[in-house]
Amino acid sequence: MAELIDEYNDAGMPADLEHMKYSHLKMDSVSRLGDFMSGPLQQDVGSVPGIGDATVKALAALEIYTLTQLMGKFMSFDRDCSLMLGWLEENKLCGRYAETTVHALAMKLHSLLD
């Protein structure tokens with residue numbers, strides 16, 4: 001999976017978009033990364049690396065049921081990785097995989113939008 005992380009890196013990100021950089025974040029769970037990064041945006045929020053059943057339930061309690069909604073939340077922070085990480089931690093989402101989740105979300109958005 002290292003080649004996948006290398007393929008979708010944040011090198012060359014302009015200085016004014018520094019807050020969108022994600023390569024410094026841990027990627028501790030890669031088993032779903034290949035499927036997550038391939039193809040269009042999926043709707044299942046549980047498809048994101050770092051998100052398990054408990055987080056899916058906790059997100060539903062916050063009225064986030066789809067990956068589109070979770071990506072919208074991230075985009076509401078202007079794709080700022082530290083703000084998204086803070087929001088996940090504040091809401092006790094993803095446990096020790098919070099950085100993995102933000103890394104995966106940022107990689108996917110970067111691949112779709114930039």
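Reckoned from all heavy atoms, side chains included, excluding hydrogens, waters and symmetry mates.
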List the steps and the verdict of side chain to side chain contact (heavy atoms under 4.5 Å, CB included) for Asp28 and Glu99.
-> CA-CA 8 Å; Asp28 288 337; Glu99 283 192 29; over 6 Å; no
Nearest heavy-atom pair of Leu67 and Ser47: which atoms, and what distance?
->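 Taking every non-hydrogen atom into account, CD2-OG, 4.1 Å.
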Mark yes when over 12 heavy atoms from residues, nucleotides or ligands other than Glu63 sit less than 6.0 Å from its CD; otherwise mark no.
-> no
Under a single-linkage definition using a 4.5 Å side-chain heavy-atom cutoff for Ile, Leu, Val, Met, Phe, Trp and Tyr, are Tyr8 and Leu41 assigned to the same hydrophobic cluster?
->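 Result: yes, single cluster for both.
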Decide whether Tyr97 and Tyr22 are clustered together by the hydrophobic rule: side chain heavy atoms of Ile, Leu, Val, Met, Phe, Trp, Tyr closer than 4.5 Å, transitively.
-> no
Okay, side chain of Glu7, backbone of Glu3: is any donor-acceptor separation there less than 3.5 Å?
->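 Not at all, since once roles are kept as given, no pair shorter than 3.5 Å links the two residues.
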Heavy-atom side-chain proximity of [X] to [Y] below 4.5 angstrom:
X      : Y      : result
Lys108 : Leu113 : no
Leu93  : Leu62  : yes
Leu85  : Thr101 : no
Met107 : Met37  : yes

Looking at residues at least two apart in the chain, or sitting in another chain, which of them share a side-chain contact (heavy atoms from CB on, under 4.5 Å) with Leu83?
-> Phe77, Asp80
For Asn9, enumerate each residue passing the side-chain contact (heavy atoms from CB on, under 4.5 Å) test, keeping only those at least two apart in sequence or located in another chain.
->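 Testing Asn9 for side-chain contact (heavy atoms from CB on, under 4.5 Å), a comparison that skips the adjacent residues, returns Ala11.
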Less than 3.5 Å apart, which donor and acceptor atoms pair up between the side chains of residues 48-58 and the rest of the protein, not counting sequence neighbours?
unit_1: Thr55; atom_1: OG1; unit_2: Cys94; atom_2: N; d: 3.1

Separation of Leu33 CG from Ile5 CD1 (nearest 0.5 Å) |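 Separation between the atoms: 6.0 Å.
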Rounded to the nearest 0.5 Å, what's the gap from CE on Met71 to OG on Ser76? Could you check?
-> 13.0 Å
N-O pairing of Asp44 and Arg32 below 4.0 Å | no
Step-by-step side chain to side chain contact (heavy atoms under 4.5 Å, CB included) determination, Thr66 to Val45 | CA-CA 5 Å; Thr66 67; Val45 73; 6.0 Å; no
Give a yes-or-no answer on whether the side chains of Asp10 and His110 include a donor-acceptor pair shorter than 3.5 Å.
->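 No, because no side-chain N or O of Asp10 sits under 3.5 Å from a partner of the opposite role on His110.
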Please step through side chain to side chain contact (heavy atoms under 4.5 Å, CB included) for the pair Leu4 and Phe36, ending with a clear verdict.
-> CA-CA 11 Å; Leu4 193 60; Phe36 180 70; over 6 Å; no
Output all residues satisfying side-chain hydrogen bond (donor to acceptor under 3.5 Å, both in side chains) with Ser111, sequence neighbours left out; order by chain, then residue number.
->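 side-chain hydrogen bond (donor to acceptor under 3.5 Å, both in side chains) check on Ser111 returns nothing, list empty.
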May I ask you to list the residues sharing a hydrophobic cluster with Met13, side-chain cutoff 4.5 Å, ordered by chain and number?
->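 When side chains under 4.5 Å apart are linked, the cluster holding Met13 also contains Leu17, Met20.
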Criterion side chain to side chain contact (heavy atoms under 4.5 Å, CB included) on Met84 and Cys81, from CA distance to verdict = CA-CA 5 Å; Met84 186 63 177; Cys81 291; 5.8 Å; no
For Asp35, check salt bridge (Lys or Arg N to Asp or Glu O under 4.0 Å) against everything at least two apart and list the hits.
-> none
